[in-house]
Amino acid sequence: MTDPAGEAKVEVKQASKEVKESENVAEKYSAMTVTKNSEVTMGELSSVFSAVPTHKPVKKQIQFVEDKQEFSRFPTKAGRRSLSRSISQSSTDSYSSDSSDDETSPRDKTQVNSKGSTDFCVKNIKQAEFGRREIEIAQQDMSALISLRKRAQSEKPLAGAKIVGCTHITAQTAVLIETLVALGAQCRWTACNIYSTQNEVAAALSETGVAVFAWKGESEDDFWWCIDRCVNTEGWQPNMILDDGGDLTHWMYKKYPNVFKKIRGIVEESVTGVHRLYQLSKAGKLCVPAMNVNDSVTKQKFDNLYCCRESILDGLKRTTDVMFGGKQVVVCGYGEVGKGCSAALKALGAIVYVTEIDPICALQACMDGFRVVKLNEVIRLVDVIITCTGNKNVVTRDQLDRMKNGSIVCNMGHSNTEIDVASLRTPELTWERVRSQVDHVIWPDGKRVILLAEGRLLNLSCSTVPTFVLSITATTQALALIELYNAPEGRYKQDVYLLPKKMDEYVASLHLATFDAHLTELSDEQAKYLGLNKNGPFKPNYYRY
């Protein structure tokens with residue numbers, strides 16, 4: 001009879017012997033390769049590799065375990081560097097960024113564009129050519145904005161305008177910025193979100209002479225530093241603001257009140273920023289006329305609805321690879337953003353609940369086939385929570401504590417306070433980076449909640465958004481800037497205004513041409529009742545609407 005235990009001991013002993021032989025061979029080869037100015041002949045290499053024993057599968061496993069332990073004890077230089085990086089920094093590397101520059105903050109580098117200018121701060125100015133290709137691709141699906149550029153370029157309606165902007169810096173925004181420059185404006189730009197900047201696009205804009213201060217993965221300190229550099233520069237004083245979220249407006253109002261008072265107009269495109277403007281107006285502290293783009297028809301009915309309907313799926317798929325069929329999802333808020341998200345998830349087979357405080361929107365959700373609930377009623381059941389309100393503390397720490405293991409939490413509103421992320425940064429919870437913009441927040445009992453983009457805007461932080469829809473919003477923003485800048489004194493008081501209806505109609509008519517679509521002909525009586533121009537699409541007078 002054979003002794004299985006004895007055979008096993010022999011196997012292990014033989015494996016250990018071969019492991020030692022392999023280590024000796026590795027040491028010999030290492031000594032040959034690291035000797036300074038030494039040359040290794042083919043004969044020597046042949047003798048080294050011929051000494052390497054052939055391993056059976058079980059022995060290869062033993063070798064792998066020891067190698068793994070050795071690697072853990074002595075990490076490589078790259079390993080040490082990656083271990084030392086902060087969570088926020090490691091989550092924000094652009095897919096196109098130069099890895100050699102990852103460890104150096106753009107604030108610590110002096111970069112020069114081809115025109116000799118250093119008035120910018122981006123990740124890597126060498127990426128400008130790649131960014132230019134991105135912008136050219138975006139232009140193909142922004143035909144209406146390009147059409148506006150061509151029509152108004154000769155008139156230069158923004159000549160003398162000095163626009164300071166704080167928006168997402170993407171290829172689509174770059175087309176808007178270059179349109180404003182073509183219409184006569186001087187622009188300085190920064191990012192409204194620390195994760196949404198496309199580094200190569202920021203480089204391309206800087207190369208053309210636009211002063212851009214933004215890069216993907218800014219810290220909070222970097223974020224405010226970039227805003228300050230845009231506003232506070234010698235020999236240049238802004239007279240127009242294009243904002244997304246109100247951070248730029250807030251910074252100028254608080255830190256540079258004398259500059260703020262000389263602003264001729266503010267254009268704001270987000271619900272968060274508009275809310276802050278209304279607060280200033282109600283308190284009697286808004287000393288500048290402002291245009292509420294967020295509540296314009298072209299923004300609400302297109303960007304908020306159709307853009308989010310497509311980009312919510314893109315962002316979730318890229319970050320989590322989740323399958324939506326059968327998943328229980330709660331969408332917090334049933335405004336246009338919530339409507340788009342709910343429709344997209346329902347179409348893929350998800351079971352969608354809606355939370356809503358407005359009775360009209362809640363009724364719409366019911367009529368669209370969704371169950372309207374309170375978040376506390378379903379918090380223990382749902383697989384995904386998506387906030388779409390623009391408010392704060394929509395999902396609280398208490399609710400996060402009661403979520404089930406493996407749940408996904410993300411935000412589709414502008415503000416990063418909809419999910420109470422600050423309450424999760426406590427010693428008893430462990431944060432584990434899974435991939436870019438994806439964190440596991442681990443509770444003491446082992447429960448994990450998947451948090452996307454650290455509670456910031458999901459679609460622009462984790463994916464991209466449809467170019468055509470952004471063209472509609474960008475065209476609206478451009479016309480709003482033209483209107484405020486050229487308005488005669490006294491037309492707009494120190495208050496918040498909605499866009500004129502005819503401006504929305506003009507933007508829509510520009511984009512209808514893309515679909516080769518035609519408006520239904522109206523009788524004279526119908527046209528008079530609706531206030532429409534029967535003789536063709538509304539052609540704006542840049543100095544008087």
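Since we're looking at a predicted model, the values are computed, not measured. Numbers here simply count residues along the sequence, with the first being 1.
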Check: Met403 and Val409 side chains under 4.5 Å, non-hydrogen atoms: yes
Tyr492 and Tyr497 aromatic ring geometry - parallel, tilted or perpendicular at 30°/60° bounds: perpendicular
Thr319 and Gln437: side chain donor to acceptor below 3.5 Å: no
Expected output: side-chain Asn411 to main-chain Gly413 donor-acceptor under 3.5 Å: yes
Heavy-atom side-chain proximity of Val465 to Leu460 below 4.5 angstrom: yes
Between Asn113 and Ser206, a side-chain donor and acceptor under 3.5 Å: no
Exceeds 12 heavy-atom contacts within 6.0 angstrom, atom CG of Leu363: yes
Any donor-acceptor N or O pair under 3.5 Å, side chains Asn393, Thr396: no
Spatial distance of atom CD1 (Ile227) from atom CG (Leu248) [nearest 0.5 Å]: 6.0 Å
Cationic N near anionic O, under 4.0 Å, Glu220 to Arg456: yes
Ser423 backbone acceptor or donor facing Arg397 side chain under 3.5 Å: yes
Student check: side-chain heavy atoms of Val329 and Val382 closer than 4.5 Å: no
Side-chain H-bond candidate by donor/acceptor type, Gln198 with Glu134, under 3.5 Å: no
Close side-chain approach of Val421 and Arg425, heavy atoms under 4.5 Å: yes
Modelled atom types, side-chain donor and acceptor of Trp225 and Glu218, under 3.5 Å: no
Verdict with reasoning, Asp303 to Thr473, per side chain to side chain donor-acceptor pair (under 3.5 Å): CA-CA 7 Å; Asp303 192 335; Thr473 301; 2.7 Å; yes
Modelled atom types, side-chain donor and acceptor of Thr118 and Gln111, under 3.5 Å: no
Test item: Ser147 side-chain N/O and Ser143 main-chain N/O as donor-acceptor pair under 3.5 Å: no
Side-chain heavy-atom pair Asn199, Asn124 within 4.5 angstrom cut-off: no
Check against side chain to side chain contact (heavy atoms under 4.5 Å, CB included), Trp189 and Thr173: CA-CA 10 Å; Trp189 228 263; Thr173 308; 4.1 Å; yes
Arg318 vs Thr464 side-chain heavy atoms within contact, under 4.5 Å: yes
Residue pair Val267, Asp243: steps toward the side chain to side chain contact (heavy atoms under 4.5 Å, CB included) verdict: CA-CA 6 Å; Val267 174; Asp243 210 353; over 6 Å; no
Gln279 and Lys285: CA distance, side-chain angles, deciding distance, side chain to side chain donor-acceptor pair (under 3.5 Å) verdict: CA-CA 9 Å; Gln279 284 182 324; Lys285 297 178 180 179; over 6 Å; no
Donor-acceptor side-chain pairing of Lys299 and Asn304 below 3.5 angstrom: yes
Gln399 side chain to Asn376 side chain, donor-acceptor N/O pair below 3.5 angstrom: yes
Note: Glu483-Arg264 ion pair, threshold 4.0 Å (strictly below): no
Atom pair CD (Glu200) and CG (Leu205), whose distance is rounded to the nearest 0.5 Å: 10.5 Å
From CA spacing to verdict: side chain to side chain contact (heavy atoms under 4.5 Å, CB included), Thr476, Leu479: CA-CA 5 Å; Thr476 306; Leu479 287 172; 6.0 Å; no
Interatomic spacing from CG in Leu484 to CG in Asn239 - rounded to 0.5 Å: 11.5 Å
Side chains of Asp495 and Ser281, donor plus acceptor under 3.5 Å: yes
Exercise: do Tyr334 and Asp368 side chains pair donor with acceptor under 3.5 Å: yes
Between Ser311 and Asn459: side-chain donor-acceptor atoms closer than 3.5 Å: yes
Rounded distance (nearest 0.5 Å) linking atom SG of Cys388 with atom CD of Glu356: 10.0 Å
Asp119/Arg188 ion pair, N-O < 4.0 Å: yes
Test item: Thr197 side-chain N/O and Ala214 main-chain N/O as donor-acceptor pair under 3.5 Å: no
Crowding at NZ, Lys317 (>12 non-hydrogen neighbours, <6.0 Å): yes
Donor-acceptor pair, side chain of Asn232 and main chain of Asp228, under 3.5 angstrom: no
Thr249 backbone acceptor or donor facing Lys254 side chain under 3.5 Å: no
Trace of the side chain to side chain donor-acceptor pair (under 3.5 Å) decision for Arg149 with Thr179: CA-CA 6 Å; Arg149 183 192 299 184; Thr179 297; 3.0 Å; yes
Spatial distance of atom CE (Met412) from atom OG1 (Thr389) [nearest 0.5 Å]: 12.5 Å
Electrostatic pair Lys301:Glu336 at N-O distance under 4.0 angstrom: yes
Intermediate values then yes/no, ring pair (Phe, Tyr, Trp, His ring centres under 6.0 Å), Phe120 and Phe213: CA-CA 6 Å; Phe120 62 90; Phe213 295 85; 7.9 Å; no
Side-chain heavy atoms of Ile386 within contact of Val330, under 4.5 Å: no
Flag, side chain of Ser219 to backbone of Asp222, donor-acceptor distance under 3.5 Å: yes
Cys166 backbone acceptor or donor facing Asp247 side chain under 3.5 Å: no
Heavy-atom pair of closest approach, residues Phe302 and Val469: O-CG1, 3.4 Å
Pairwise side-chain contact, Tyr253 with Cys287, heavy-atom cut-off 4.5 Å (strictly under): no
Residue pair Tyr195 / Glu454, side-chain donor-acceptor N/O under 3.5 Å: yes
Pair Ser196-Ser461, side-chain donor/acceptor within less than 3.5 Å: no
Candidate pair Ser270 and Glu268, rule side chain to side chain donor-acceptor pair (under 3.5 Å), full reasoning: CA-CA 6 Å; Ser270 78; Glu268 172 59 58; 3.0 Å; yes
Backbone of Gly455 reached by a side-chain donor or acceptor of Glu418 within 3.5 Å: no
Polar side-chain atom of Ser342 near backbone of Lys339 as donor-acceptor pair, under 3.5 Å: no
ring-ring contact (aromatic ring centres under 6.0 Å, His included), paired with Trp251, selected from Phe223, Phe260, Trp224: Trp224
Side chain to side chain contact (heavy atoms under 4.5 Å, CB included) evaluation trace for Ile266 with Met291: CA-CA 6 Å; Ile266 301 169; Met291 196 72 80; over 6 Å; no
